[in-house]
Amino acid sequence: MKSIHISTVASFFAACLLAFSVNLAAEQLPLKRAVELALSHSTALEASHFDEQRAFAAYQESRNQYLPSLVVGSGLGKTYGYPLSLEGSAPSIINTTAQSAVINAGLRDFVRAARTDWNATTIQSKDQRAQVIQDTVLSYAELSKWEALMTHLSQDYEQALKTEQTINQRISAGVDNPQARNQARLATARVFLHVSQAQGSIDVLRNRLSHLTGLPATAIETVPESIPALPEIKPEDDLSAKAAQESPLIQIADIRASALSLRARGEHRAMWPTVDFAAQYALLATFNNYQDFFRVGSFQRHNATIGVAIRFPFLNPSQHARARAADAEAQRALRDVQATKNQVSEQTLKLQRTVDQLSAAQQVIDLEYQIAKSNLDATQVRADAGSATFHDLNDAKNQAAEHYDALQDANFELQRARISLLRATGEIESWVGVGK
């Protein structure tokens with residue numbers, strides 16, 4: 001049973017080390033390069049660009065109503081008696097119509113609203129770009145943490161196996177109680193658990209970065225030195241105000257509120273007088289008997305009309321109701337802007353205070369690790385001098401290893417919070433060093 005346990009654990013550990021060593025042969029991938037690849041490969045960012053193109057096309061659709069639309073067709077048909085119209089036009093060989101808006105206050109506001117919506121999608125694309133950068137940076141930083149920790153855990157595991165063998169020898173010699181064997185196996189199993197967790201996290205993070213950057217997972221190796229130093233944060237810094245000024249969420253909410261206000265005004269102005277340009281040309285045929293109903297010599301085949309169509313809306317209850325609904329929607333959007341400002345300000349302040357708390361916790365854990373490390377050094381000296389037992393030294397090593405793992409977790413949690421704060425204040429792009 002013992003040999004099966006050791007062989008199984010050793011086989012899995014060897015597989016983990018093999019996977020880890022294979023990646024060491026890959027080409028190093030600096031953080032800036034990973035972000036650049038993610039930006040060029042991101043499907044979410046590409047989708048936001050399509051949304052931007054759709055909004056621009058909608059803006060052009062509204063604006064182009066001021067340009068004449070030309071329709072060429074034909075109204076061929078046999079006539080019995082006086083030539084009646086076919087779908088509103090006289091029977092003709094060729095019929096051409098042109099029309100466009102000239103004076104339309106409602107349409108003018110709708111065009112402005114569509115252009116404002118297009119501007120909102122532009123801001124949305126910038127926000128999606130920042131999200132891609134943040135996702136890539138966090139995945140890269142976490143992978144770098146686990147790769148560094150994997151090296152440390154491999155050393156801990158080798159040491160745990162040696163300790164287990166030593167205790168087995170001491171039990172065989174009658175020095176230790178047989179219960180010590182289970183304690184040693186438990187310590188080895190705990191380290192093995194950490195190794196499997198680390199390898200699993202490394203595999204998942206490499207796969208995520210592979211999806212983000214388009215590189216094969218086996219070709220991804222982080223360069224910890226390529227992660228820039230994070231700027232210092234002072235407790236007195238008013239980051240909430242800066243986030244409120246830079247936040248894309250607030251900008252988008254504000255722009256969309258403006259668009260809805262323009263649209264509501266356009267619904268009211270849709271009841272104003274309008275002037276449209278209109279023109280028509282028709283080539284009439286003699287077989288439709290036109291000449292039978294005109295004075296002799298007055299009929300001509302080529303006919304054209306050009307002018308303007310003036311409309312004065314007087315009664316339109318449904319349009320009044322539509323305008324009131326648009327007013328309510330615009331007012332709701334204005335309240336949403338204020339709610340978004342409050343939310344961004346609150347979240348930024350909470351994030352800033354979280355950074356302060358994590359920084360304090362990291363200092364505590366770092367001091368605990370330093371103390372555990374000093375205790376290990378002192379215990380090693382005592383063991384060499386014969387005043388400390390083997391178990392005292394083993395306990396000191398386990399405590400130092402546990403505090404080291406806790407310190408790495410604390411460092412990453414603090415790093416994660418500070419990177420999120422950079423995203424909130426709009427500084428993450430300049431921190432990574434990628435172009436706009």
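The model shown is predicted, which means the values in this text are computed figures rather than measured ones.
- Panel note: side chain Ser387, backbone Ala383; no donor-acceptor pair is recorded below 3.5 Å.
- Distance alone, capped at 3.5 Å, places no donor-acceptor pair between the Trp431 side chain and the Arg423 backbone.
- Counted within 6.0 Å of CD on Gln60, heavy atoms from surrounding residues, nucleotides or ligands total more than 12; the atom is thus considered enclosed.
- A distance-only check finds a donor-acceptor pair linking the side chain of Tyr140 to the backbone of Val223 [under 3.5 Å].
- Counting only heavy atoms from C-beta outward, the side chains of Ser62 and Val111 approach each other to under 4.5 Å.
- Defined by atom type and a distance below 3.5 Å, a donor-acceptor pair is missing between the side-chain atoms of Gln65 and Ser100.
- With respect to the salt-bridge test (charged N to carboxylate O, under 4.0 angstrom), the residues Glu413 and Arg416 qualify.
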### Query
Yes or no on side chain to side chain donor-acceptor pair (under 3.5 Å) for Ser125 and Glu52, after CA distance, side-chain angles and deciding distance?
CA-CA 8 Å; Ser125 296; Glu52 189 175 346; 3.2 Å; yes
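- Of all heavy-atom pairs spanning Asn398 and Ala187, the tightest one is ND2-CB, 4.5 Å.
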### Query
Does the side chain to side chain donor-acceptor pair (under 3.5 Å) test come out yes or no for Gln319 and Arg322, once each step is laid out?
CA-CA 5 Å; Gln319 182 60 36; Arg322 189 181 298 112; 2.3 Å; yes
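- Inspection of the His403 and Asp366 side chains reveals no N or O donor paired with an N or O acceptor under 3.5 Å.
- Arg112 places no side-chain N or O within donor-acceptor distance of the main-chain N or O of Ala259, the cut-off being under 3.5 Å.
- No donor-acceptor pair under 3.5 Å is formed between the side chain of Ser210 and the backbone N or O of Arg206.
- Electrostatic pairing of Arg263 and Asp109 does not count as a salt bridge here, judged by no charged N lying under 4.0 Å from a carboxylate O.
- In this structure, the side chain of Ser139 does not engage the main chain of Leu205 through any donor-acceptor pair within 3.5 Å.
- A salt bridge does not link Glu267 with Arg324: every distance from a Lys NZ or Arg NE/NH1/NH2 to an Asp or Glu carboxylate oxygen is 4.0 Å or more.
- By the 4.0 Å N-to-carboxylate-O rule, Arg332 lies close enough to Asp336 to be salt-bridged with it.
- The minimum heavy-atom distance linking Ser359 with Leu414 is given by the pair N-CD1, 3.7 Å.
- Shown here for Pro228 and Leu31, the closest heavy-atom pair between the two residues is CD-CD2, 3.8 Å.
- For the pair Lys32/Val35, no side-chain contact is recorded, criterion being any heavy-atom separation below 4.5 Å from C-beta on.
- Checked by atom type, the side-chain pair Gln399/Asp395 shows no donor-acceptor distance below 3.5 Å.
- Annotation: side chain of Leu393 is in contact with side chain of Gln380 (closest heavy-atom distance under 4.5 Å).
- Residue Arg33 qualifies as open at atom CZ: its count of foreign heavy atoms under 6.0 Å is 12 or below.
- In this structure the side chain of Val102 never reaches within 4.5 angstrom of the side chain of Asp276, judged on heavy atoms.
- Residues Gln134 and Ser420 share a closest heavy-atom pair of NE2-OG, 3.3 Å.
- Ion pair Lys145/Asp409 flagged as a salt bridge, since at least one NZ, NE, NH1 or NH2 atom sits closer than 4.0 Å to an Asp/Glu carboxylate oxygen.
- Nearest heavy atoms, Ala330 versus Ala264: CB-CB, 4.3 Å.
- Asn316 and His320 share no donor-acceptor pair across their side chains, judged by distance under 3.5 Å alone.
- The two residues Thr425 and Glu246 have their closest heavy-atom pair at O-CG, 3.5 Å.
- Counting only distance, with no hydrogens or angles, the side chain of Ser196 and the backbone of Leu193 share a donor-acceptor pair below 3.5 Å.
- Proximity of a side-chain donor or acceptor of Ser42 to a complementary backbone N or O of Leu45 within less than 3.5 Å is detected.
- The main-chain N or O of Thr222 is never found under 3.5 Å from a side-chain atom of Ser226 such that the two would form a donor-acceptor pair.
- Contact annotation: the side chain of Ile255 never approaches that of Asp117 to less than 4.5 Å [non-hydrogen atoms, C-beta and beyond].
- For CD of Gln99, the number of neighbouring non-hydrogen atoms (other residues, nucleotides, ligands) closer than 6.0 Å is 12 at most.
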### Query
Are Asp327 and Gln331 close enough, and set up right, to give a side chain to side chain donor-acceptor pair (under 3.5 Å), and what steps lead you there?
CA-CA 6 Å; Asp327 287 337; Gln331 290 299 319; over 6 Å; no
### Query
Going through the distances and angles, do Leu149 and Tyr404 end up as a side chain to side chain contact (heavy atoms under 4.5 Å, CB included)?
CA-CA 9 Å; Leu149 191 59; Tyr404 177 83; 3.8 Å; yes
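- A 4.5 Å side-chain heavy-atom check between Leu212 and Leu209 finds at least one atom pair inside the cut-off.
- Summarising the local packing, CD of Gln245 is surrounded by 12 or fewer heavy atoms from other residues, nucleotides or ligands at distances under 6.0 Å.
- Between Tyr157 and Phe192, the two ring planes are tilted [angle within 30° to 60°].
- Side chain of Ser345 to main chain of Lys341: no donor-acceptor pair is present (N/O by atom type, distance under 3.5 Å, no hydrogens or angles).
- A donor-acceptor pair shorter than 3.5 Å can be found between the side chains of Asn411 and Gln362.
- Residues Thr305 and Tyr281 are not in side-chain contact: their nearest non-hydrogen atoms beyond the backbone lie 4.5 Å or more apart.
- Atoms CG and CZ, from Leu351 and Arg353 in turn, are 11.0 Å apart once rounded to the nearest 0.5 Å.
- A salt bridge does not link Glu329 with Arg256: every distance from a Lys NZ or Arg NE/NH1/NH2 to an Asp or Glu carboxylate oxygen is 4.0 Å or more.
- Separation of atoms CG (Leu239) and CG (Leu422) is listed at 9.5 Å; rounding is to 0.5 Å.
- Looking at Gln338 and Asn342, their side chains do bring a donor and an acceptor atom within 3.5 Å of each other.
- Ring geometry for Trp118 against Tyr59 counts as parallel: the plane angle stays under 30°, on a 0 to 90° scale with 60° as the upper cut.
- Contact annotation: the side chain of Asp156 never approaches that of Val195 to less than 4.5 Å [non-hydrogen atoms, C-beta and beyond].
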